[in-house]
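First comes the structure, then the notes that go with it.
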Amino acid sequence: MKEAVIVMYHYVRDLTHSRYPEIKGLDVSMFEEQLQYIKEHFQVIRMEELITAYETEEFSDLPERPLLLTFDDGYIDHYTVVYPLLQKYGMQGSFFPNAKAVKEHRLLDVNKIHHILATAPIDELVQDCFSCMDQYRAEGINLPGNEELFSELAVANRWDPGEVIFVKRLLQNRLPEDIRREIASALFEKYVGISEDIFARELYMNRDQIRCMKEGGMFFGLHGYDHYWLGKMPKEQMEGDIEKALDYFSDVIDRNKWVMNYPYGNYNSDVVKCIQEKGCRLGITVEARAVRLGQDDSYELPRFDTNDLPPKGNKVV
């Protein structure tokens, strides 16, 4: 059985000399080492090649060890750091920016949380979350108890301890949207202390940069409008989020042949049905394994994390 490898990246920068060295990202020197390793052991393919292979159900035209590079969230790193290196090595990257961040210059909650976690002592941060929820309860808002929520959410994974997962899940989707956004903004102001508008304009690519990369041969797909857990949203709201993103990126995305990158890797049958009807050809997840070409559903393609590749990891060799 033929396999393909898809690799997922987020922040790629000179971490040591950056403002937030503790952010969960990849140092630029390590990124170039990975590109060198990939060039020696794999054949980087274009997203268009994988789309065609699944459309025709003909995988023999793909190289022996195909690998696809994907970059989530549309960070400025992807233009200033990633794009030049991909050009240097003659590789295509597939990029998935969030429409709201580009269109509205609004800082997404997911990125507020990343930078809060990169700045705040985790024990203090957990207590801050407890205190914020206590204040809402004092105002008459019914929320589960702190210990109950911590027990439910603080489940460590292969990347983060339970306390970090608690903060992420609490502020990503567990609390009502208006409450979690207010808490995230308050904590961002406390620990980061930079205007969200200014921060957003520094963090994300803009449309001119996206068009430049598109003209340079890079592929652009969809990552939602507001980086929601799409599988947890009411159906109508989910469909609206996807349609808004498609409309905004209509100049860089082919509405009849596009790719969905599920935010947080979260989706359900309604999400898949929606994107199928809107012209999507492939959907990529965060399940960490190789793609079994011809066997894996085209809307549930797994991909590895950058930390799974040498020299950081050994899942992809």
Side-chain angles (χ1 to χ4, degrees), residues 9-28 31 71-85 93 95-122 124-125 128-129 131-132 135 164 167-168 170-173 175-214 218 220 222-229 241 244-245 247-249 251-252 261 263-264:
Y9 294 88
H10 290 86
Y11 303 101
V12 183
R13 58 182 62 166
D14 179 359
L15 288 172
T16 302
H17 300 101
S18 71
R19 191 182 297 172
Y20 303 98
E22 298 303 316
I23 201 80
K24 289 292 182 71
L26 187 69
D27 190 82
V28 60
F31 179 58
F71 301 85
D72 293 12
D73 299 335
Y75 301 127
I76 189 65
D77 305 11
H78 300 166
Y79 179 73
T80 59
V81 176
V82 171
Y83 180 43
L85 284 172
F95 296 84
F96 299 89
N98 291 97
K100 182 177 181 178
V102 181
K103 180 181 180 181
E104 301 181 29
H105 303 293
R106 293 271 298 278
L107 185 60
L108 302 178
D109 290 343
V110 62
N111 298 128
K112 292 178 194 176
I113 297 165
H114 289 167
H115 288 84
I116 292 166
L117 286 166
T119 309
I122 189 58
E124 182 178 338
L125 185 55
D128 282 340
C129 289
S131 296
C132 287
Q135 290 176 12
V164 170
V167 174
K168 285 184 175 181
L170 184 77
L171 301 181
Q172 286 170 354
N173 66 82
L175 295 176
E177 183 173 2
D178 57 340
I179 292 177
R180 66 178 187 255
R181 286 196 159 168
E182 287 176 359
I183 294 175
S185 291
L187 294 175
F188 185 85
E189 182 177 0
K190 175 179 178 179
Y191 288 108
V192 181
I194 299 174
S195 159
E196 291 185 16
D197 178 68
I198 293 173
F199 200 92
R201 290 175 185 271
E202 293 178 352
L203 183 63
Y204 306 115
M205 292 188 288
N206 61 41
R207 287 187 66 84
D208 289 340
Q209 292 161 341
I210 289 171
R211 280 193 290 264
C212 174
M213 293 170 66
K214 176 73 173 179
M218 301 298 109
F220 281 85
L222 213 68
H223 201 42
Y225 188 82
D226 197 10
H227 208 283
Y228 283 122
W229 290 60
D241 182 89
K244 282 173 68 178
D247 285 345
Y248 183 68
F249 284 129
D251 58 334
V252 292
N261 177 347
Y264 305 108

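Position 1 is the first residue of the sequence, and the numbers go up from there. Treat the numbers as computed from the prediction; the structure is a model and nothing was measured.
For the residue pair Y264 / N173, no side-chain donor-acceptor distance below 3.5 Å is found, with atom types taken as modelled. Side-chain polar atoms of Y225 and D247 form no donor-acceptor pair below 3.5 angstrom.
For K112 and F188, the positive end is not near the middle of the six-membered ring at less than 6.0 Å and at most 45° from its axis.
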| said: Is there a side-chain contact (heavy atoms from CB on, under 4.5 Å) between Y228 and K100? Walk through the geometry before answering. | reply: CA-CA 11 Å; Y228 283 122; K100 182 177 181 178; 5.8 Å; no
| task | Give the intermediate values and the outcome of side-chain contact (heavy atoms from CB on, under 4.5 Å) for residues F220 and M213. | result | CA-CA 9 Å; F220 281 85; M213 293 170 66; 3.9 Å; yes
| message | With side-chain contact (heavy atoms from CB on, under 4.5 Å) as the criterion, how do K24 and H10 come out once you've worked through the C-alpha distance, each side chain's angles and the decisive distance to 0.1 Å? | response | CA-CA 8 Å; K24 289 292 182 71; H10 290 86; over 6 Å; no
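M205 contributes atom CE, which lies 10.5 Å from atom CG of N98 (distance to the nearest 0.5 angstrom). Considering CZ of F95 and OH of Y75, their distance stands at 13.5 Å, rounded to 0.5 Å. One distance of note links CG of D109 with CD of Q172; it measures 9.5 Å at 0.5 Å rounding.
Taking the six-membered ring for Trp and thresholds of 30 and 60 degrees, Y20 and H115 have ring planes more than 60 degrees apart, a perpendicular arrangement. Ring geometry, H227 versus H223: the interplanar angle exceeds 60°, so the pair is classed perpendicular (tilted spans 30 to 60°).
Nearest heavy-atom pair, Y204 versus Q209, reported as atom, atom and distance to 0.1 Å: O-OE1, 4.5 Å.
More than 12 non-hydrogen atoms from other residues, nucleotides or ligands lie less than 6.0 angstrom from CD of E124.
Not a single salt bridge (charged side-chain N to carboxylate O under 4.0 Å, His left out) links D73 to another residue, sequence neighbours left out. Every side-chain hydrogen bond (donor to acceptor under 3.5 Å, both in side chains) that R106 has, sequence neighbours left out, goes to E104.
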